Protein chains: 2
Amino acid sequence: MQRKPAKEYTTEQQLPRLGTAPYLKLMERTAASETNQYAAHLGLIMLWLGDNVLDLVDHDLSSFDITESKLDLLLLLSLHDGQELVTPSSIADRLGIRRSSVTSLLIWLEKRNWIIREPYAKDGRMTHVRISPEGSMLLQQVLPTFWSTCASLVEELNKEEQEVFRNVLVKLNKNIENRLGAGR
Amino acid sequence: MQRKPAKEYTTEQQLPRLGTAPYLKLMERTAASETNQYAAHLGLIMLWLGDNVLDLVDHDLSSFDITESKLDLLLLLSLHDGQELVTPSSIADRLGIRRSSVTSLLIWLEKRNWIIREPYAKDGRMTHVRISPEGSMLLQQVLPTFWSTCASLVEELNKEEQEVFRNVLVKLNKNIENRLGAGR
DNA sequence: CCCATATAGTTAGATTATCTAATTACATAC
DNA sequence: GTATGTAATTAGATAATCTAACTATATGGG
């Protein structure tokens with residue numbers, strides 16, 4: 001997940017950056033006739049940007065030895081703490097992954113004492129999962145950096161651009177959450 | 001990478017969707033004073049959207065037994081074909097990953113006959129990597145779906161929204177590519 | 001001309017994040 | 001009270017990355 005690692009040695013000949021032009025040319029030749037190519041271009045940049053955003057956030061979090069996806073889970077636990085019964089199943093449902101994948105995440109987090117798993121008395125099949133005091137402390141340490149990274153992603157936009165951008169983002173994200181059937 | 005897998009059985013009690021409100025409340029308590037919280041909110045949604053976009057694209061590509069990142073590499077090879085000497089090193093440099101990671105990708109692609117690796121005569125240490133006819137045929141098959149998926153990401157936006165969104169996206173992506181030191 | 005060092009690529013072995021299938025334990029309904 | 005459903009875990013796989021070590025080739029200075 002680490003972009004731009006230190007060079008193994010010094011550098012070599014590079015490939016020139018192509019930019020978007022050749023992608024668009026290829027699109028003209030290979031897109032179905034009913035595809036809106038202007039929209040596809042936009043979607044392509046969005047895909048690239050999303051990729052870069054994840055890389056940057058994980059890079060900024062790496063000094064805390066946590067990834068964006070694990071931070072996401074800790075946040076989930078923190079925000080539901082004392083509200084609802086959180087179980088591996090409900091986590092899996094929310095994150096759109098398998099229960100067994102959640103088990104792996106929980107084992108990892110529990111090893112670091114950031115969460116607590118305890119049997120749920122009212123139904124012996126279930127496990128109650130919650131964030132631990134140590135986990136909450138970790139959040140206190142990580143979140144200032146996390147929010148600052150989030151802000152840095154869009155800080156070069158002016159107030160007006162941010163306003164328009166926000167409306168578009170919210171709209172797109174709602175739509176895609178519906179398509180995927182999972183969301184926050 | 002697969003979101004929303006078929007349920008293992010039928011469903012269980014779900015966690016309520018929180019929306020953004022509790023995240024913003026938490027941000028108020030935990031952001032550094034110099035962080036622009038409006039921007040951070042925007043960045044957070046962008047991060048979520050990026051995550052969802054990658055999931056959706058990989059989902060749409062899964063029937064072709066290829067992931068977005070491998071398709072990206074095939075596209076890279078296709079667009080540079082006959083132009084520049086493409087080697088594992090130059091690919092690694094471009095993708096911002098290690099040479100050894102590139103070797104793994106190339107082995108996987110070569111096994112399927114989608115690329116050709118051959119020794120480079122002018123420098124015996126190098127390997128010339130190029131897309132094979134079979135690889136090009138695969139692209140022909142996959143790309144219509146890929147472009148259509150890209151388009152579907154933003155198709156609900158009206159013409160005007162798309163116009164503004166595009167300018168913002170291009171700006172943000174340029175900036176983040178500079179920060180990461182890699183880009184297309 | 002040879003050797004030291006740099007570079008290209010691969011291999012070995014690890015980690016993270018996912019999956020499916022099988023297993024264990026508990027709950028419930030007929 | 002047995003069959004079936006559900007919750008969680010385990011076992012084993014794959015993908016995408018990493019670092020470290022290794023092999024082979026290239027090159028520049030004595």
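Because the structure is a prediction, the values reported are computed rather than measured. Worth knowing before you read on, the calculation uses all heavy atoms, side chains too, and leaves out hydrogens, waters and symmetry mates. Naming: A, B, ... by sequence-line order, numbering from 1 per chain.
Nucleic acid contact class of B:Thr127 (heavy atoms, under 4.0 Å, all strands): sugar-phosphate only. The residue A:Ser104 sits close to a base: some heavy atom pair falls under 4.0 Å.
Between A:Gln140 and B:Arg29, the closest heavy-atom pair is NE2-NH1, 4.1 Å. Nearest heavy atom pair, residue B:Thr67 against residue B:Leu61, reads C-CD1, 4.0 Å.
Using a 4.0 Å cut-off, some side-chain N or O of B:Arg98 falls inside it from OP1 or OP2 of D:dT19.
Side-chain atoms of B:Ser101 lie closest to D:dC18 of the nucleotides C:dA25, D:dA16, D:dC18. For A:Lys70, the listed nucleotide lying nearest its side chain is C:dA17; candidates were D:dT17, C:dA17, C:dA6. Checking D:dT6, D:dA16, D:dA8 against the side-chain heavy atoms of B:Ser69 singles out D:dA16 as nearest. Nearest nucleotide to the side chain of B:Arg99, out of D:dT17, C:dG9, C:dC19: C:dG9. Side-chain proximity of B:Ile97 to D:dT25, D:dT17, C:dA17: nearest is D:dT17.
Salt-bridge check for A:Arg184 with A:Asp72: passed, with a basic side-chain N closer than 4.0 Å to an acidic carboxylate O.
Between B:Pro88 and A:Gly124, the residue anchored closer to the 5' end of DNA chain C is B:Pro88, taking for each the nucleotide with the nearest heavy atom.
Taking atom CG of residue B:Leu73 and atom P of nucleotide D:dT17, one finds them 10 Å apart after rounding to whole Å. Protein atom CG of B:Asp58 is 16 Å distant from nucleotide atom P of C:dA17, rounded to whole Å.
Counting distance only, with no hydrogens placed and no angle test, the side-chain atoms of A:Ser89 and the base atoms of D:dT6 include no donor-acceptor pair under 3.5 Å. Within 3.5 Å, no donor on the side chain of A:Ser100 pairs with an acceptor on the base of C:dT18, nor the reverse.
Ring centers of A:Tyr23 and A:Trp48: under 6.0 Å apart, within the cut-off.
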